[in-house]
There are 2 protein chains.
Amino acid sequence: MSIDPPGFELPLRLFLGFRVLIDELHAELARQGHPHARPMHGFVMQAIGPEGTTAVELGRTLGVSKQAAGKTIETLERIGYVERARDPRDTRRKIVRLTESGVDVLVRSARIFDELRARWAAVIGEERLRELEADLRKVTPHDVFRLDVPGWFGP
Amino acid sequence: MSIDPPGFELPLRLFLGFRVLIDELHAELARQGHPHARPMHGFVMQAIGPEGTTAVELGRTLGVSKQAAGKTIETLERIGYVERARDPRDTRRKIVRLTESGVDVLVRSARIFDELRARWAAVIGEERLRELEADLRKVTPHDVFRLDVPGWFGP
DNA sequence: CGGTAATAGTGAACCAGGTTGTCTATCTGT
DNA sequence: ACAGATAGACAACCTGGTTCACTATTACCG
């Protein structure tokens, strides 16, 4: 009744690879003065983008409810990665923008990810790593957001 | 201020690859009569194994507290994938075992994962897929459980 | 122009899963 | 035989998700 045919390994390895990168990213971010950054914050801030967004818009891009997006924004605001201001042309809207600190996280994350990628390249070879990325691109959706990072555990 | 250097793509693709497989697995499981199965259930049931475990033991293998393991077991019990019985030789312990239905999920999951893997092989080639798995094995931990699937979002 | 409909944000109640702390019941070992 | 370790359960709390309900504002249209 042993259940571990080849098919089981692939998703596991993909997830472990992801986890290794994310864990090392956040260990390094903590060392660099961002101990409060959480895995999803990077994704969310990436989704907010340089132009800013609103809760509804953010919810749509991330594939979660506007209320969930609102809560996440609140958290990011509390940590100081984001700030909100009313839109003068539509006073219902509140525009969410990255603060300097928020941008700093993204910039550092980018640098750290590059370093981690280089470490992988040193282990398996730059050529193989490029192939790996190319292959993954072929079997994954092109729309890179809508990860539903939050939510794929739920109902 | 655009932030998307090469380093950002790798973790994203790994995660997307994982998500695609998991989502398709559960879509298919739902079609095959297991609409209540959740992503983590598979991992947990895999960790329970054919011999059965206890909450404490399960917590240790998964890398979560015994209470968390206990809650998950409760959920699995409610769905009917697992059943508990006192250990006659140590009446403190409650041994958790997969039910027929639980085993059925694992068997079907294995089959579905194999099919999904075959689909990927058809797209990128069996050879490249084997290389991809081999490369990931080199950069990920060998201990395949202790995913901390639950918990890597938290503090 | 004014009334209806759509939209943005918020709050409340709930759920899943995680944590820690505490408590009881049951071994285990000296 | 008793002290200490262990298994399980319960409570309180956190995060991040959901839906439902409500207000305030804007947009559309007859």
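Computed over heavy atoms, backbone and side chain alike; hydrogens, waters and symmetry mates excluded. Throughout, a chain's letter reflects where its sequence line sits, starting with A, and its residues are numbered from 1.
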Hey, can you pull the donor-acceptor pairs under 3.5 Å for the side chains in residues 62-72 of chain A, sequence neighbours left out?
from: A:S65; atom 1: OG; to: A:A68; atom 2: N; distance (Å): 3.1
from: A:T72; atom 1: OG1; to: A:A68; atom 2: O; distance (Å): 3.1

Practice task
Mind checking A:A68 for me? I need base, sugar-phosphate or nothing, with any heavy atom below 4.0 Å counting as a touch.
Solution key: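 Base contact - A:A68 has a heavy atom under 4.0 Å of at least one base atom.
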Can you measure [X] atom [atom1] to [N] atom [atom2] for me and round it to whole angstrom units?
X	N	atom1	atom2	answer
B:R86	D:dA7	CZ	P	13 Å
B:L58	D:dA9	CG	C1'	16 Å
A:K66	C:dT7	NZ	P	10 Å

Exercise for the section: Give me the residues of residues 71-79 of chain B where at least one heavy atom lies under 4.0 Å from an atom of DNA chain C, by number, or none. Expected result: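 Nucleic-acid contacts, sorted: B:K71, B:T72, B:T75.
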Practice task
Produce a footprint string for nucleotides 24-30 of chain C: one letter per nucleotide, 5' end first; B if the base is under 4.0 Å from any protein heavy atom, S if only the sugar-phosphate is, - if neither.
Solution key: -BBS---
Between [X] and [Y], does at least one N-O distance fall below 4.0 Å, as a salt bridge requires?
X	Y	result
B:R13	A:E133	no
A:R130	A:E127	yes
B:R117	A:E9	no

Exercise for the section: Name all pairs fulfilling the ring-ring contact (aromatic ring centres under 6.0 Å, His included) condition that reach into residues 97-122 of chain A, sequence neighbours left out, sorted by first residue then second. Expected result: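 Every pair satisfying ring-ring contact (aromatic ring centres under 6.0 Å, His included) with a residue in residues 97-122 of chain A: A:F113-B:F8.
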Exercise for the section: Could you say whether A:D87 or B:I95 is positioned toward the 5' end of DNA chain D, judged by the nucleotide with the nearest heavy atom to each? Expected result: B:I95
Practice task
Output the single nucleotide from C:dA8, D:dT19, C:dT19 whose closest atom is nearest the side chain of A:R60.
Solution key: C:dA8
Practice task
Would you mind telling me which of D:dA9, C:dG17, C:dG9 lies closest to the side-chain atoms of B:M40?
Solution key: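 When the side chain of B:M40 is considered, C:dG17 is the closest of D:dA9, C:dG17, C:dG9.
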Acceptor/donor pairs from residues 83-92 of chain A side chains to any protein atom, 3.5 angstrom cut, sequence neighbours excluded:
from: A:R84; atom 1: NE; to: A:E77; atom 2: OE1; distance (Å): 3.4
from: A:R84; atom 1: NH2; to: A:E77; atom 2: OE1; distance (Å): 2.7
from: A:R86; atom 1: NE; to: A:T91; atom 2: O; distance (Å): 2.7
from: A:R86; atom 1: NH2; to: A:T91; atom 2: O; distance (Å): 3.2
from: A:R86; atom 1: NH2; to: A:R92; atom 2: O; distance (Å): 3.3
from: A:D87; atom 1: OD1; to: A:R89; atom 2: N; distance (Å): 2.9
from: A:D87; atom 1: OD2; to: A:R93; atom 2: NH1; distance (Å): 2.9
from: A:D90; atom 1: OD1; to: A:R92; atom 2: N; distance (Å): 3.1
from: A:D90; atom 1: OD1; to: A:R92; atom 2: NE; distance (Å): 3.1
from: A:D90; atom 1: OD2; to: A:R92; atom 2: NH2; distance (Å): 2.9

Problem - Presence of donor-acceptor pair under 3.5 Å, side chain of A:K94 and base of C:dG9 - result: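 It does not, because no donor-acceptor pair links the side chain of A:K94 to the base of C:dG9 below 3.5 Å.
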Problem - Rounded distance [0.5 Å steps], NE2 in A:H36 versus OG in A:S101 - result: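 The distance works out to 10.0 Å.
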Practice task
Would you give the length of the straight line joining atom CD1 of B:I22 to atom CZ of B:F15, rounded to the nearest 0.5 angstrom?
Solution key: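 Between atom CD1 of B:I22 and atom CZ of B:F15 there are 10.0 Å.
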Handout entry: C:dG9 OP1/OP2 closer than 4.0 Å to side-chain N/O of A:T54
Key = yes
Problem - Residue whose closest nucleotide on DNA chain C lies nearer the 5' end, A:Q67 versus A:R93 - result: A:R93
Exercise for the section: Write out all pairs satisfying salt bridge (Lys or Arg N to Asp or Glu O under 4.0 Å) with one or both partners inside residues 94-110 of chain A, taking only residues at least two apart or from two chains. Expected result: A:D104-A:R108
